[in-house]
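Heads up, the thing below is written out as C-alpha cells.
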Amino acid sequence: MLTRRGHGEAKKLLEPKGIRGSALREEKYDPITGELLDTGYDDHAAAVTSTAAELHRAGIGHRLGFHTEIGHRLDSSFVQRADLVVRAPAAGVPVLLLEIDRRTEDAHDLVQKLRRYWEWGRLLPSDADKRTTDLVRSRPDAIENVDHEKRMWRQVYPPTGREGLVPVAFVFADTTEAKVANTVKVLEEAGCGYWAPRRHETYHRGITARNYGQVLSVVVTTLKQLEGEGTGAAVWRRLGRTGEQTLTAAPGRPGT
C-alpha cells in the first residue's frame, strides 16, 4: 500500500500520461489494540493485477496501458465499472472489458452486469441529432437501426474489428471448476438475450447465418489457465460455443 507521499509521487508520474491512479487507501488501526485493520489491498484487487500481468506477459497490452474501475454510465445514472480495460490493437485486441470474479458474487449478478454493458452499447451520444433521439426515445428497438459509429460507445472505444458491441471477458479466480461451470451455465441461459446471435430478419428461406450485430461477444476463462498456459493460448471460450480458442479468435463469429 502506498503512503500518502508515495501516492502523491505516483500521481505525478501517471497523470501527465493520462493514466488515472486509484484513490489513496490509508492505513487504519484498531484504537484499542493498535493492530492494522486494513492491509491496503484485497484478493480481488490482486486477481485483477495478476490478470493484467498475464495479458502483458503474452504481449497483449502495454504495462501502463491497462485501466481499472472504468465507469460506463447508463440512462438511469447507474455506473457499471469494468474491473479492467485493455486496449491492444497491435495484438489484435482493440478493446476488451474484463470482469474478474472470485465467485464472491451470485451468478445472476454477473448476468445483470452483462445487461448493463448491453444497455450501455445501445445508448446514443449527447450530440446525436434530434430526429434519431426522438425516434429511439419513442421506440427503443429503433436503436438497432442506428449504425454503431453513431452510438455513444464508439465515442469512448475504438472499432473492435468485429460485429456487435464491445467484447466482455469474465476471468474466474480462486474458485473450483465446478463453480465456474455452474456460473457459465447461468450466464449462457439467463444472459442469452445479451450475447446470443439472432436470426436475420429476412423473407428468404434457407438462410442460416446469424446476426451478431446487436449483442455482446462474451468470452470466459480462469486465472489458473492464464497463469498455466498463457493468455495467448487457446484458453478462452465464447458463450454458446464448445471448445476453447485464442483471445483474438474467440470473440469473432464461427469460422473467422
Side-chain angles (χ1 to χ4, degrees), residues 2 7 10-11 13-26 40-53 55-56 60-89 93-102 104-128 133 136-137 140 143 146 148-160 164-173 187 191 194-195 214-220 251:
L2 293 174
H7 188 267
K11 289 181 67 175
L13 173 67
L14 299 176
E15 289 185 352
K17 299 179 180 179
I19 301 171
R20 183 175 66 89
S22 61
L24 174 65
R25 300 184 65 178
E26 299 188 30
Y41 75 93
D42 58 25
D43 291 332
H44 179 263
V48 172
T49 302
S50 294
T51 300
L55 287 165
H56 174 64
I60 301 173
H62 186 273
R63 68 183 65 185
L64 293 180
F66 297 95
H67 296 83
T68 60
E69 295 296 317
I70 299 302
H72 303 80
R73 185 175 297 277
L74 303 176
D75 273 346
S76 63
S77 294
F78 183 92
V79 178
Q80 177 61 55
R81 296 189 178 277
D83 288 330
L84 187 66
V85 175
V86 58
R87 304 190 196 198
V93 185
V95 61
L96 181 66
L97 313 183
L98 293 106
E99 290 290 334
I100 318 302
D101 180 58
R102 299 180 57 250
T104 55
E105 295 183 79
D106 183 82
H108 290 278
D109 290 337
L110 302 186
V111 173
Q112 293 307 307
K113 288 187 177 182
L114 281 187
R115 175 184 61 80
R116 294 181 195 117
Y117 285 128
W118 179 78
E119 289 180 350
W120 184 77
R122 294 166 68 87
L123 295 178
L124 290 171
S126 58
D127 60 355
T133 301
V136 171
R137 185 178 292 119
I143 188 64
V146 177
H148 287 283
E149 295 295 320
K150 297 180 180 180
R151 299 189 195 182
M152 185 177 71
W153 78 265
R154 277 293 290 110
Q155 294 187 354
V156 179
Y157 295 122
T160 65
L165 307 175
V166 181
V168 176
F170 286 96
V171 178
F172 299 103
L187 287 170
Y194 313 122
W195 64 262
Q214 305 300 326
V215 296
L216 300 163
S217 58
V218 184
V219 298
V220 298

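The chain is numbered in sequence order, starting from 1.
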Is the His72 ring parallel, tilted or perpendicular to the Tyr157 ring (thresholds 30°, 60°)? tilted
How close do Arg122 and Ile143 get, counting heavy atoms only, and between which atoms? O-CG1, 3.0 Å
Determine whether Asp75 and Trp120 satisfy the following criterion, side chain to side chain contact (heavy atoms under 4.5 Å, CB included), listing intermediate values before the conclusion. CA-CA 8 Å; Asp75 273 346; Trp120 184 77; over 6 Å; no
Side chain to side chain, Arg87 and Pro94, heavy atoms closer than 4.5 Å: no
Before giving the answer on side chain to side chain contact (heavy atoms under 4.5 Å, CB included), spell out for Val166 and Tyr117 the whole-Å C-alpha distance, their side-chain angles and the decisive distance to 0.1 Å. CA-CA 8 Å; Val166 181; Tyr117 285 128; over 6 Å; no
Just so I know, are the side chains of Phe66 and Thr49 near enough to count as touching, which here means a heavy-atom distance under 4.5 Å? no
Shortest non-hydrogen contact between His56 and Gly61, atoms and distance: ND1-O, 3.0 Å
On a heavy-atom basis, which atom in Val79 and which in Gly71 lie closest, and how many Å separate them? CG1-CA, 3.5 Å
Side-chain donor-acceptor contact under 3.5 Å, Asp101 with His44: no
Rounded at 0.5 Å granularity, tell me how far CD in Gln155 sits from OG in Ser126. 6.5 Å
Give, for atom CG of Leu97 and atom CD of Gln80, the distance between the pair rounded to the nearest 0.5 Å. 9.5 Å
Separation between CZ of Phe172 and CG of Leu110, rounded to the nearest 0.5 Å: 6.0 Å
Measure across Leu165 and Gln214 and return the closest heavy-atom pair with its distance rounded to 0.1 Å. CD1-O, 4.1 Å
Kindly indicate whether the side chain of Val95, heavy atoms from C-beta on, has any atom under 4.5 Å from the side chain of Pro158. yes
Measuring from atom CD of Glu99 to atom CG of Leu114, what distance do you get when rounded to the nearest 0.5 angstrom? 8.5 Å
Please name the pair of heavy atoms, one in Asp83 and one in Val48, separated by the smallest distance, quoted to 0.1 Å. O-CG1, 3.9 Å
State, yes or no, whether a side-chain contact exists between Leu84 and His67 at a heavy-atom distance under 4.5 Å. no
Take a 6.0 Å sphere around CG of Asp127 and say whether it holds more than 12 heavy atoms from other residues, nucleotides or ligands. yes
Check salt bridge (charged side-chain N to carboxylate O under 4.0 Å, His left out) between Arg73 and all other residues, then give those that pass, not counting sequence neighbours. none
May I ask you to decide if Glu69's main-chain N or O and Arg81's side chain share a donor-acceptor pair within less than 3.5 Å? yes
Does some side-chain heavy atom of Leu123 sit less than 4.5 Å from a side-chain heavy atom of Arg151? no
Donor-acceptor pair, side chain of Trp195 and main chain of Leu187, under 3.5 angstrom: yes
What are the two closest heavy atoms between Pro251 and Ser217, and how far apart are they? O-CB, 3.4 Å
Sequence-distant partners of Arg115, salt bridge (charged side-chain N to carboxylate O under 4.0 Å, His left out), two or more places apart: Glu119
Are side-chain heavy atoms of Thr160 and Trp153 found at a separation under 4.5 Å? yes
Hey, can you tell me if Tyr194 and Trp118 have their rings parallel, tilted or perpendicular (30° and 60° cut-offs)? tilted
Test side chain to side chain contact (heavy atoms under 4.5 Å, CB included) on Leu96 and Leu98; report intermediate values, then the result. CA-CA 6 Å; Leu96 181 66; Leu98 293 106; 4.0 Å; yes
Got Val171 and Thr51 here, is their nearest side-chain heavy-atom distance under 4.5 Å? yes
